[in-house]
K.L.:
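Mind looking over this structure? Questions follow.
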There are 2 protein chains.
Amino acid sequence: MATQTAAQRREAAKAAYDAFLACCPARQLLDTISDKWVTLILAALSDGPKRYSELSRIIAGVSQKMLTQSLRTLERDGLVSRTVTPRVPVRVDYELTTLGRGLQEIMGTMKRWAERNIEEVHAARAAYDTRENSPAGRAAAG
Amino acid sequence: MATQTAAQRREAAKAAYDAFLACCPARQLLDTISDKWVTLILAALSDGPKRYSELSRIIAGVSQKMLTQSLRTLERDGLVSRTVTPRVPVRVDYELTTLGRGLQEIMGTMKRWAERNIEEVHAARAAYDTRENSPAGRAAAG
DNA sequence: CTGAATCCGTGGCGATACTG
DNA sequence: CAGTATCGCCACGGATTCAG
């Protein structure tokens with residue numbers, strides 16, 4: 001019998017859960033597109049290839065580090081392609097792959113749902129924030 | 001004109017971008033569902049209402065803090081409803097709202113896409129990781 | 001022009017202890 | 001049972017600097 005069932009069992013369950021999540025395709029997808037810069041890069045590339053400096057200018061608020069890092073991840077995942085043209089100042093173009101365009105369609109679906117339902121969410125937030133100050137609001141009915 | 005065009009212009013652009021993103025419905029949606037625990041809670045509630053302790057047990061790896069915090073956010077956004085039954089030990093049930101079920105459908109769409117395409121992503125990663133060690137791989141064609 | 005490497009501040013998250 | 005409050009860690013992102 002384990003001397004420390006409580007803490008250790010919980011830890012084991014957590015580890016199992018993490019392992020499950022690490023393998024979960026949906027989780028991996030979310031980890032990708034939940035990145036702020038990734039979504040902006042995909043959007044910026046939606047109307048054709050762009051150079052590194054173009055992306056940097058279009059996305060504006062992004063740091064070099066995050067732009068490069070995000071592009072690397074996207075390239076590694078096969079969502080964008082990277083083309084180097086070795087001129088005097090080197091030129092690098094990034095372009096969506098077929099897989100990347102497929103991902104954009106998913107994001108388009110999400111975008112449409114969000115735009116249809118965001119007002120309801122905002123209304124719910126407003127109602128919640130109002131209710132939190134009134135005492136009887138959160139009491140329940142038996 | 002401005003003595004510090006470079007840094008300040010960049011800062012202004014960043015602020016404008018942040019403001020835009022703060023209003024972007026798709027961004028808000030992603031901020032919600034990109035949360036690890038939120039997705040698990042929504043999944044756990046997909047087959048009917050659950051009590052706080054049930055959720056805590058089902059999700060296993062979650063801390064009380066994050067479970068409560070995530071549930072509060074979901075409630076505030078109108079995605080789950082919270083019902084308090086004031087017995088001797090208080091009882092609280094959480095249930096998906098109509099809006100929450102709508103969100104689940106979106107997540108189902110994402111899940112299906114992820115499962116269909118995850119192998120291609122993994123293949124791309126494997127190819128990338130292999131290529132990064134070979135010298136000629138990332139050199140370009142002019 | 002494109003990118004790698006480094007330092008460092010911030011905040012999210014988990015663990016713990018306490019309450020009604 | 002269902003939270004709330006507090007603290008510490010550390011991963012993430014930004015700014016900066018160096019390089020090909």
Side-chain angles (χ1 to χ4, degrees), chain A residues 4 6-11 13-15 17-18 21 31-32 34-41 49-76 80 82-94 132 135 138-140, chain B residues 4 6-11 13-15 17-18 21 31-32 34-38 40-41 49-76 80 82-94 132 135 138-140 142:
Chain A
Q4 62 294 34
Q8 279 214 342
R9 179 178 307 190
R10 185 181 173 81
E11 193 173 356
K14 180 180 174 180
Y17 232 71
D18 284 350
L21 288 178
D31 285 342
T32 295
S34 66
D35 187 297
K36 174 184 174 181
W37 303 123
V38 162
T39 59
L40 293 172
I41 289 170
K50 294 279 184 301
R51 298 183 56 175
Y52 181 89
S53 52
E54 288 180 297
L55 289 173
S56 180
R57 178 175 45 80
I58 293 173
I59 300 181
V62 71
S63 64
Q64 285 186 349
K65 176 183 176 180
M66 291 315 296
L67 180 56
T68 301
Q69 183 175 304
S70 301
L71 286 168
R72 283 291 171 281
T73 303
L74 288 170
E75 185 196 1
R76 191 172 103 100
V80 305
R82 178 176 179 270
T83 308
V84 180
T85 308
R87 303 186 174 186
V88 185
V90 70
R91 173 192 175 121
V92 182
D93 285 272
Y94 291 94
E132 82 177 358
R138 291 174 63 87
Chain B
Q4 63 293 33
Q8 277 216 343
R9 180 178 305 188
R10 184 181 174 81
E11 192 172 355
K14 180 180 176 180
Y17 231 72
D18 283 349
L21 287 179
D31 285 341
T32 295
S34 66
D35 187 299
K36 175 185 175 182
W37 302 122
V38 163
L40 293 172
I41 290 171
K50 294 278 183 299
R51 299 181 56 175
Y52 182 91
S53 53
E54 289 181 296
L55 289 173
S56 181
R57 179 175 44 79
I58 292 173
I59 301 181
V62 71
S63 64
Q64 286 186 347
K65 176 184 175 180
M66 290 316 295
L67 180 56
T68 300
Q69 182 175 305
S70 302
L71 285 169
R72 283 290 172 284
T73 302
L74 288 171
E75 185 197 359
R76 191 171 103 101
V80 305
R82 178 175 179 270
T83 307
V84 180
T85 308
R87 302 187 176 186
V88 185
V90 71
R91 174 192 174 118
V92 182
D93 285 272
Y94 292 94
E132 82 178 358
R138 290 174 62 88

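Values below: every heavy atom of this structure, side chains too, minus hydrogens, waters and symmetry copies. Throughout, a chain's letter reflects where its sequence line sits, starting with A, and its residues are numbered from 1. Note that this is a predicted model, so its numbers are computed, not measured.
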K.L.:
Round to a whole Å and report the spacing from CD of B/Glu54 to C1' of D/dC1.
P.N.:
12 Å
K.L.:
Side chain of A/Val92, heavy atoms from C-beta onward: which of D/dG3, D/dA2, C/dG3 has the nearest atom to it?
P.N.:
C/dG3
K.L.:
In this structure, how many angstroms lie between the P atom of C/dG11 and the CD atom of B/Gln69, rounded?
P.N.:
14 Å
K.L.:
Write down the distance between CZ (B/Arg57) and C1' (D/dA2), rounded to a whole number of angstrom.
P.N.:
15 Å
K.L.:
Once you build an axis from the first five pairs and another from the last five of the helix from C/dC1-D/dG20 to C/dG20-D/dC1, how far apart in angle are they, to 10 degrees?
P.N.:
40°
K.L.:
Whole angstrom is fine here: how far is it from CD in A/Gln64 over to C1' in D/dA19?
P.N.:
12 Å
K.L.:
Whole angstroms only, please: what is the CZ-P distance between A/Arg72 and D/dC12?
P.N.:
19 Å
K.L.:
Using the test salt bridge (charged side-chain N to carboxylate O under 4.0 Å, His left out), find all partners of B/Arg57 that sit at least two apart in sequence or belong to another chain.
P.N.:
none
K.L.:
Select from B/Asp93 and A/Trp37 the residue whose nearest nucleotide in DNA chain D is closer to the 5' end of that strand.
P.N.:
B/Asp93
K.L.:
Closest approach to the side chain of A/Lys65, judged atom by atom: which nucleotide of D/dG14, C/dT2, D/dG3 is it?
P.N.:
D/dG14
K.L.:
Specify the separation, in whole Å, of atom CZ of B/Arg87 and atom C1' of D/dC1.
P.N.:
12 Å
K.L.:
How is B/Arg51 classified with respect to the nucleic acid when contacts are heavy atoms under 4.0 Å: base, sugar-phosphate, or nothing?
P.N.:
sugar-phosphate
K.L.:
Identify, with sequence neighbours excluded, every residue that meets side-chain hydrogen bond (donor to acceptor under 3.5 Å, both in side chains) alongside B/Ser70.
P.N.:
none
K.L.:
Start at the 5' end of DNA chain C and walk down; is the nucleotide closest to B/Lys36 or to A/Thr68 reached first?
P.N.:
A/Thr68
K.L.:
Listed by chain and number, what are the salt bridge (charged side-chain N to carboxylate O under 4.0 Å, His left out) partners of A/Asp35, not counting sequence neighbours?
P.N.:
none
K.L.:
Can you list the residues that meet the side-chain hydrogen bond (donor to acceptor under 3.5 Å, both in side chains) rule with B/Thr68, with sequence neighbours excluded?
P.N.:
B/Tyr52
K.L.:
Side chains of A/Thr32 and A/Thr73: does their closest heavy-atom pair fall under 4.5 Å?
P.N.:
no
K.L.:
Nearest-nucleotide wise, let me know which of A/Met66 and B/Pro89 is further upstream toward the 5' end of DNA chain D.
P.N.:
B/Pro89
K.L.:
Nearest to the side chain of A/Val90, heavy atoms from C-beta on, is which of C/dG3, C/dT2, D/dC1?
P.N.:
C/dT2
K.L.:
Would you tell me if any nitrogen or oxygen in the side chain of A/Ser53 comes within less than 4.0 Å of OP1 or OP2 on C/dT2?
P.N.:
yes
K.L.:
List in chain and number order the residues that pass side-chain hydrogen bond (donor to acceptor under 3.5 Å, both in side chains) with A/Arg51, two or more places apart in sequence or in another chain; answer none if no residue qualifies.
P.N.:
none
K.L.:
Quickly work out the A/Arg91 CZ to C/dT2 C1' distance and round it to whole Å.
P.N.:
13 Å
K.L.:
Would a 4.5 Å heavy-atom cut-off, applied to side chains only, mark B/Val62 and B/Ile41 as touching?
P.N.:
no
K.L.:
Output the rounded distance in Å from OH (A/Tyr52) to P (D/dG20).
P.N.:
17 Å
